[in-house]
Asker: 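Got a structure here, written out as C-alpha cells. Questions coming.
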Amino acid sequence: MDKFKTFITQNKKLVYGVIAIIVIAAGAKIGYDYHSNNIISRIEVKFYGYNGHGDAVISNAESVNKYMTRRVLQKDHIKKDVINKIVSHPDAFDYSMLSSEDQYKIQSSIEDLSSTRLEFKGKSTELKNGDKVTVTFKNSNSELPFRDGKKTFTVKGLKKTTKFLPIRFLTNLKSKPSELMARDKLHFQVKILI
C-alpha cells in the first residue's frame with residue numbers, strides 16, 4: 001500500500017491525466033448513446049402547399065427507418081455485410097441463404113421494430129404559416145435502445161394564396177368562353193371555401 005501511495009504522490013500529473021481521459025471517454029460514450037438513441041432528434045419535417053392549406057411530411061422517414069433497422073440488427077449481432085444488404089434492398093434480400101438462427105434473429109428484430117411509432121400528434125394538414133406541428137416517437141419495447149420523445153416544429157415557407165375572380169379572367173379573354181371551351185376543351189374547377 002505504501003508503494004501505491006508513493007507512486008501516486010510522485011506521479012500526480014500522470015494519475016490526473018489518466019483520470020481525465022477516463023472521465024472524458026465516459027462522457028463521450030454517454031453523449032454518443034444519448035444522441036444515437038434519440039430518434040426524434042434525427043427527424044426533419046418539410047411543409048408543402050399554400051398558407052391555410054399546407055401539409056407537413058416527415059421528409060427523412062425512410063433514412064430514419066433504415067437507421068433504426070441497422071441499430072436493431074447490430075444489437076442482435078447480425079453480420080455487417082448482411083445488415084448492409086438488408087437495409088439497402090430489404091425486399092430483394094434472399095433470407096434463405098442464412099442460417100436458421102440468423103433468420104430467427106432477423107425476424108425477431110423486425111418484430112421489435114414494429115413496436116415503434118413515429119407520427120404526427122395533432123393536425124398535419126390544412127396548416128398555415130406560424131402553426132405548430134408536433135412529431136412523436138414512441139417505443140413500446142424495453143429491449144430496444146431508442147428513447148421516446150417529441151419535437152415541435154413551426155410551420156413556415158407555405159406559399160401565399162392568391163384570390164382568383166373567374167369573372168375578371170373571362171372578361172380579359174379575346175375569345176368567348178364558350179368558344180374556348182369547345183375549341184381547347186378548357187375545363188374549370190371551382191372550389192368554394194366557406
Side-chain angles (χ1 to χ4, degrees), residues 30-76 78 83-93 106-173 177 181 184-194:
I30 291 169
Y32 173 77
D33 286 346
Y34 177 82
H35 179 69
S36 63
N37 295 339
N38 187 1
I39 296 302
I40 205 72
S41 69
R42 298 175 174 278
I43 300 302
E44 296 173 7
V45 173
K46 294 213 174 168
F47 304 103
Y48 298 98
Y50 290 88
N51 195 24
H53 307 285
D55 296 314
V57 295
I58 299 172
S59 60
N60 65 336
E62 184 178 345
S63 66
V64 169
N65 286 331
K66 286 181 178 183
Y67 173 79
M68 291 191 322
T69 302
R70 185 177 300 279
R71 289 286 313 273
V72 171
L73 292 173
Q74 288 171 342
K75 175 188 79 72
D76 290 338
I78 304 298
I83 292 172
N84 290 337
K85 290 177 184 175
I86 290 172
V87 169
S88 61
H89 303 290
D91 297 330
F93 184 73
I106 291 170
Q107 181 64 31
S108 176
S109 297
I110 301 301
E111 288 172 7
D112 288 346
L113 278 172
S114 68
S115 69
T116 62
R117 296 279 177 264
L118 179 62
E119 58 195 7
F120 287 102
K121 182 179 181 181
K123 72 177 194 171
S124 62
T125 60
E126 299 299 316
L127 300 170
K128 62 182 183 286
N129 288 325
D131 283 351
K132 303 284 185 194
V133 174
T134 302
V135 177
T136 61
F137 177 78
K138 178 77 174 149
N139 175 15
S140 302
N141 186 336
S142 62
E143 293 180 16
L144 293 179
F146 309 125
R147 297 181 312 115
D148 292 351
K150 69 179 181 176
K151 189 173 183 182
T152 301
F153 298 86
T154 302
V155 177
K156 60 183 175 183
L158 295 176
K159 299 174 190 170
K160 183 179 178 183
T161 57
T162 308
K163 291 185 180 180
F164 174 75
L165 298 174
I167 194 69
R168 284 190 190 162
F169 174 74
L170 294 174
T171 56
N172 289 333
L173 293 175
M181 287 184 201
D184 298 329
K185 295 182 181 164
L186 185 63
H187 298 282
F188 291 100
Q189 182 179 12
V190 178
K191 183 177 180 182
I192 300 173
L193 300 174
I194 297 176

Asker: In Å, rounded to the nearest 0.5 Å, how long is the span from NZ of K156 to CZ of F47?
Answerer: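 Rounded to the nearest 0.5 Å, the NZ-CZ separation comes out at 8.5 Å.
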Asker: Just how far is it from atom CZ of R42 to atom OG of S63, taken to the nearest 0.5 Å?
Answerer: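 Spacing of CZ (R42) from OG (S63) equals 9.0 Å.
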Asker: Enter the distance from I83:CD1 to S88:OG here, rounded to the nearest 0.5 Å.
Answerer: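 Rounded to the nearest 0.5 Å, the CD1-OG separation comes out at 11.5 Å.
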Asker: Quick one: pull up CG in L127 and CG in N51 and give me the separation to the nearest 0.5 Å.
Answerer: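 It is 9.5 Å, given to the nearest 0.5 Å.
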Asker: Does M68 form a side-chain contact (heavy atoms from CB on, under 4.5 Å) with I39? I'd like the steps, not just the answer.
Answerer: CA-CA 8 Å; M68 291 191 322; I39 296 302; 3.6 Å; yes
Asker: If we ignore hydrogens and angles and just use 3.5 Å, is the side chain of N129 paired with the main-chain N or O of L158 as donor and acceptor?
Answerer: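 Yes: the side chain of N129 pairs with the backbone of L158.
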Asker: Quick check for you: to the nearest 0.5 Å, what is the distance between E126 atom CD and H53 atom NE2?
Answerer: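 These two atoms lie 6.5 Å from each other.
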Asker: One pair to check against side-chain contact (heavy atoms from CB on, under 4.5 Å): I86 and L73. What are the steps and the verdict?
Answerer: CA-CA 10 Å; I86 290 172; L73 292 173; 4.1 Å; yes
Asker: My understanding is that only residues two or more places apart in sequence, or in another chain, count here; which of them pass side chain to side chain donor-acceptor pair (under 3.5 Å) with S140?
Answerer: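 Residues passing side chain to side chain donor-acceptor pair (under 3.5 Å) with S140: none at all.
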Asker: Partners of K85 by salt bridge (charged side-chain N to carboxylate O under 4.0 Å, His left out), sequence neighbours excluded?
Answerer: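 Scan of K85 (salt bridge (charged side-chain N to carboxylate O under 4.0 Å, His left out), adjacent residues dropped) gives none.
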Asker: Just verifying a value: how many Å separate I78 CD1 and R70 CZ, rounded to the nearest 0.5 Å?
Answerer: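 Output value for this atom pair is 13.0 Å.
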Asker: Hey, can you pull the donor-acceptor pairs under 3.5 Å for the side chains in residues 113-120, sequence neighbours left out?
Answerer:
residue: S114; atom: OG; partner: E111; partner atom: O; Å: 2.5
residue: S115; atom: OG; partner: D112; partner atom: O; Å: 2.5
residue: T116; atom: OG1; partner: L113; partner atom: O; Å: 2.7
residue: R117; atom: NH1; partner: S114; partner atom: O; Å: 3.1

Asker: Test I43 against I40 for side-chain contact (heavy atoms from CB on, under 4.5 Å), laying out the working first.
Answerer: CA-CA 5 Å; I43 300 302; I40 205 72; 4.1 Å; yes
Asker: Could you tell me which residues satisfy side chain to side chain contact (heavy atoms under 4.5 Å, CB included) with K159, sequence neighbours excluded, listed by chain and number?
Answerer: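 With sequence neighbours excluded, K159 shows a side chain to side chain contact (heavy atoms under 4.5 Å, CB included) to Y50, given in chain and number order.
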Asker: Tell me the salt bridge (charged side-chain N to carboxylate O under 4.0 Å, His left out) pairs involving residues 43-57, sequence neighbours left out?
Answerer: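 For residues 43-57: none.
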Asker: Which word best sums up how the rings of Y67 and F146 line up, parallel for under 30°, tilted for 30 to 60°, or perpendicular for over 60°?
Answerer: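 Geometry flag for F146 against Y67: tilted rings.
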Asker: Just wondering, do P145 and K75 contact through their side chains at under 4.5 Å, heavy atoms?
Answerer: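 Yes, at least one pair of side-chain atoms sits under 4.5 Å.
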Asker: At their closest point, which heavy atom of A56 faces which heavy atom of V45, and how far apart are they?
Answerer: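 Minimum heavy-atom separation between A56 and V45: CB-CG1, 4.1 Å.
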Asker: Write out all pairs satisfying salt bridge (charged side-chain N to carboxylate O under 4.0 Å, His left out) with one or both partners inside residues 127-144, taking only residues at least two apart or from two chains.
Answerer: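 Residue pairs with at least one partner in residues 127-144: K123-D131, K128-D131, K138-D148.
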